[in-house]
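Notes follow once the structure below has been shown.
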Amino acid sequence: MSGVITALQKASRAGALSETAVQFSGLLERQDPEADPSVLLAGALAAERALAGDVCIDLASIAGSISWKGDSDGDLAAPDFSIWQKALWRCSLVGDGGRLSPLVLTDDGRLYLYRYYALECRLAEAIGRHARRVSHSVDALSLTEGLDTFFSDDPGSADQRAAAAKAVDQHLLVISGGPGTGKTATVVRILALVQQLTSIRPERILLCAPTGKAAARMREVLASAVEMLPEALQRVPQPVTIHRLLGVRPSQRPRYDAARPLPCDLLVLDEASMVDLSLMTSLFDATPQEARLILLGDRDQLSSVEAGAVLGDICQAADQGTLPEALITLRHNWRFSSASALGGFASAVREGDIPQVMTLLESADPSGLEFVAMPDASGIDTLLADRIIPHFADLERLAHEGAPAETLLAWRDEVMVLCAHRHGPRGVGDINMRIQAGLRRAPRPSSDGVAFVGMPLIVMRNDSLLGLYNGDIGIVVPDRDHPGGMQAVFQDALGEIRAISLSRLPEYEAAFAFTVHKAQGSQSSSVTLILPEKVSPILSRELVYTGATRAQASLQVWGSPEVLSAAIERSARRPTGLAKRLQRREMICP
């Protein structure tokens with residue numbers, strides 16, 4: 001065993017590196033026992049960053065730095081960039097993407113695991129193919145008349161009209177905007193316009209979102225706009241999750257892929273920022289080449305949990321002159337006025353304007369925006385007891401009284417408690433435990449673990465047979481058919497309520513609080529964002545922005561000014577090569 005593997009194992013035992021990264025590095029050594037130690041280090045770092053959501057590592061940014069500070073045995077340090085690059089090029093484990101190899105190194109010094117390199121190439125090719133396709137089938141007069149029918153001509157609607165005009169001809173359109181800018185409402189009108197001006201039939205229009213919650217919200221918007229839609233458009237299939245749309249099944253090929261495309265002429269994807277590189281590639285693969293594709297999302301939100309930052313990469317390429325017709329940004333906010341403290345806070349966070357953020361927190365009406373200083377753990381239980389626990393106590397009471405599932409789920413959604421971390425002080429586990437203790441429902445042995453009637457829960461693993469997916473939210477209720485038993489009620493993307501015995505559920509956790517990542521695609525009237533005690537690598541302005549923009553009416557931020565400032569100062573922009581690949585028109589895949 002080489003010295004670098006031993007050092008990596010020590011780093012793993014110290015909690016500085018995952019066991020997966022160490023195992024991958026060991027695999028590389030077994031494949032090429034003569035591999036330079038710097039290659040094994042590079043492989044470990046690439047695997048580690050892939051687990052964190054990065055599709056590649058930028059060697060130049062970490063060359064010459066200490067990857068792990070060891071004890072008396074010394075540090076684990078990366079070599080200088082030129083030396084490192086030469087060692088990688090000389091190694092049989094590293095290729096340029098033209099052949100199958102564990103690692104791929106590009107000319108600009110980006111190192112990939114082969115799978116992510118191949119996915120990025122394939123997606124770039126598909127994006128370019130759709131972006132280059134334009135249909136000039138509608139004359140200017142007909143388009144203007146159609147726009148006048150579905151959109152007003154006031155300045156606030158100008159971006160929406162522009163998006164609709166592009167959607168008639170463009171086969172790839174990204175509509176980006178923050179919450180309240182009317183992305184989904186714009187698409188409803190686009191559907192009506194496209195149906196009026198083109199030959200696309202309603203049954204050939206498909207709508208999807210990454211999560212069941214996001215698909216359900218899309219369905220709600222469509223239902224609220226039913227009077228505006230032509231009668232024919234009421235036959236449009238209901239929004240579903242991407243997994244359900246593609247027919248993703250465990251250990252099997254999806255039902256729809258490049259060999260068997262989706263039966264559609266127009267595909268709309270909502271909450272596109274949540275979609276990772278692999279899933280987005282699968283969706284593009286399954287979209288017919290002649291079909292139009294509309295992506296909706298907020299480019300300033302957190303990227304997907306899994307690897308990639310696809311929406312941000314497409315928007316970046318458009319900003320820099322590539323795909324010039326593919327992006328429309330909605331700027332007018334219909335939810336918040338220009339004087340709104342909540343809207344102003346979100347904008348200031350997005351821009352990284354720390355002084356403005358602090359000014360707004362100090363001067364805002366606490367009923368809409370409030371900063372709660374919480375420098376230590378001493379006051380958190382009191383805050384939870386005063387501001388959070390009463391809401392969940394009412395939810396528990398309603399569940400015991402037999403309130404309808406729709407009422408319980410709506411009640412749950414009125415308050416959202418978000419954390420940056422899953423583990424540790426002020427993480428999801430800690431806050432959930434404190435809230436459960438406050439409800440006097442401490443974990444107790446039972447066949448259903450710690451579950452109790454009225455407890456909200458979140459599914460942690462996909463189960464396509466049950467139609468449940470990671471991130472779905474349910475409420476525990478009594479099982480009326482089995483006295484003493486419990487089940488969870490869920491509302492799917494079609495609005496249907498389903499009750500499933502707890503014993504049949506995939507892995508789940510309590511969901512009084514959950515991470516900001518898990519909250520993407522959701523909205524709540526009142527949001528409490530709990531920051532960690534100390535600055536951590538996971539904190540970023542995108543995380544604060546995403547958490548803040550879940551709020552529809554009021555936002556509380558709990559934490560210290562120092563931690564909040566450090567979060568806003570740091571951007572979580574991921575290293576990828578997709579934007580550059582699109583800019584350089586590198587559409588050739590291995």
Side-chain angles (χ1 to χ4, degrees), residues 2 4-5 8 20-63 78-129 253-254 257-259 276-286 306-310 313 317 574-590:
S2 70
V4 70
I5 298 296
L8 291 171
T20 299
V22 178
Q23 291 294 332
F24 181 71
S25 186
L27 174 63
L28 295 179
E29 184 182 44
R30 289 192 296 274
Q31 290 184 337
D32 184 359
E34 302 302 320
D36 189 89
S38 67
V39 175
L40 304 181
L41 173 61
L45 295 177
E48 182 75 4
R49 294 316 305 161
L51 294 173
D54 295 348
V55 301
C56 63
I57 57 174
D58 181 1
L59 292 178
S61 68
I62 57 176
D80 291 338
F81 176 64
S82 60
I83 296 173
W84 206 1
Q85 193 175 34
K86 290 176 182 177
L88 287 163
W89 278 131
R90 287 195 300 264
C91 184
S92 63
L93 301 171
V94 182
D96 61 1
R99 60 176 177 85
L100 183 61
S101 59
L103 300 171
V104 174
L105 180 62
T106 62
D107 291 338
D108 58 358
R110 296 178 187 272
L111 185 71
Y112 293 78
L113 303 181
Y114 182 86
R115 175 175 181 266
Y116 290 124
Y117 178 83
L119 284 171
E120 193 174 87
C121 282
R122 212 164 86 215
L123 181 57
E125 182 181 22
I127 290 171
R129 183 170 61 244
R253 290 184 61 180
D257 55 18
D276 62 87
L277 175 63
S278 178
L279 187 57
M280 189 71 85
T281 302
S282 295
L283 186 64
F284 267 84
D285 281 348
E306 302 298 330
V310 178
D313 286 336
R574 287 173 170 172
T576 76
L578 182 59
K580 184 172 289 188
R581 197 173 302 282
L582 290 170
Q583 293 161 23
R584 295 193 301 193
R585 302 286 185 175
E586 293 179 354
M587 305 300 181
I588 300 174
C589 292

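Position 1 is the first residue of the sequence; numbering continues from there.
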Results of salt bridge (Lys or Arg N to Asp or Glu O under 4.0 Å) for D108 - residues two or more places apart only: R110, K580
Validation row: L105, Q85 side chains within 4.5 angstrom (heavy atoms): yes
T281: partners by side chain to side chain contact (heavy atoms under 4.5 Å, CB included), with sequence neighbours left out: L119, R122, L123, L277, D285
Minimum side-chain heavy-atom gap L113-P102 below 4.5 Å: no
Validation: residues 90-98 side-chain donor-acceptor distances under 3.5 Å, sequence neighbours left out:
from	atom 1	to	atom 2	distance (Å)
S92	OG	D32	OD2	3.2
D96	OD1	G98	N	2.9

Donor-acceptor contact present, side-chain D80 to main-chain I83, <3.5 Å: no
Donor-acceptor pair, side chain of S38 and main chain of W84, under 3.5 angstrom: no
Close side-chain approach of L582 to I127, heavy-atom, < 4.5 Å: yes
Residues that D257 engages under salt bridge (Lys or Arg N to Asp or Glu O under 4.0 Å), provided they are two or more places apart: R253
C121 side, atom SG; E125 side, atom CD - distance, nearest 0.5 Å: 9.0 Å
Interatomic distance, L40 atom CG to L8 atom CG [nearest 0.5 angstrom]: 8.0 Å
Donor-acceptor pair, side chain of S61 and main chain of D58, under 3.5 angstrom: yes
Heavy-atom pair with the smallest gap, counting every atom of T106 and W89: O-CZ2, 4.3 Å
Interatomic distance, S278 atom OG to L283 atom CG [nearest 0.5 angstrom]: 11.5 Å
Heavy-atom pair of closest approach, residues A78 and I62: CB-O, 3.7 Å
Rounded distance (nearest 0.5 Å) linking atom OH of Y112 with atom CG of L103: 13.0 Å
Minimal non-hydrogen separation, Y116 against A50, with atom names: CE1-CB, 3.7 Å
I57 CD1 to L111 CG distance, which is reported to the nearest 0.5 Å: 4.5 Å
Nearest atoms (heavy-atom pairs only) where S101 meets Y114: O-CB, 2.9 Å
With sequence neighbours excluded, residues passing side chain to side chain contact (heavy atoms under 4.5 Å, CB included) with P37: V4
Distance-only side-chain donor-acceptor flag, R581 / T576, under 3.5 Å: no
Smallest separation among heavy atoms of V39 and L28, with atom names: O-CD1, 4.4 Å
Expected output: side-chain E120 to main-chain G577 donor-acceptor under 3.5 Å: yes
Any pair counted as salt bridge (charged side-chain N to carboxylate O under 4.0 Å, His left out), so long as it reaches residues 39-49, sequence neighbours left out: R49-D54
Intermediate values then yes/no, side chain to side chain contact (heavy atoms under 4.5 Å, CB included), V310 and L578: CA-CA 8 Å; V310 178; L578 182 59; 4.2 Å; yes
Contact check, side chains of L41 and S25, non-hydrogen atoms, under 4.5 Å: no
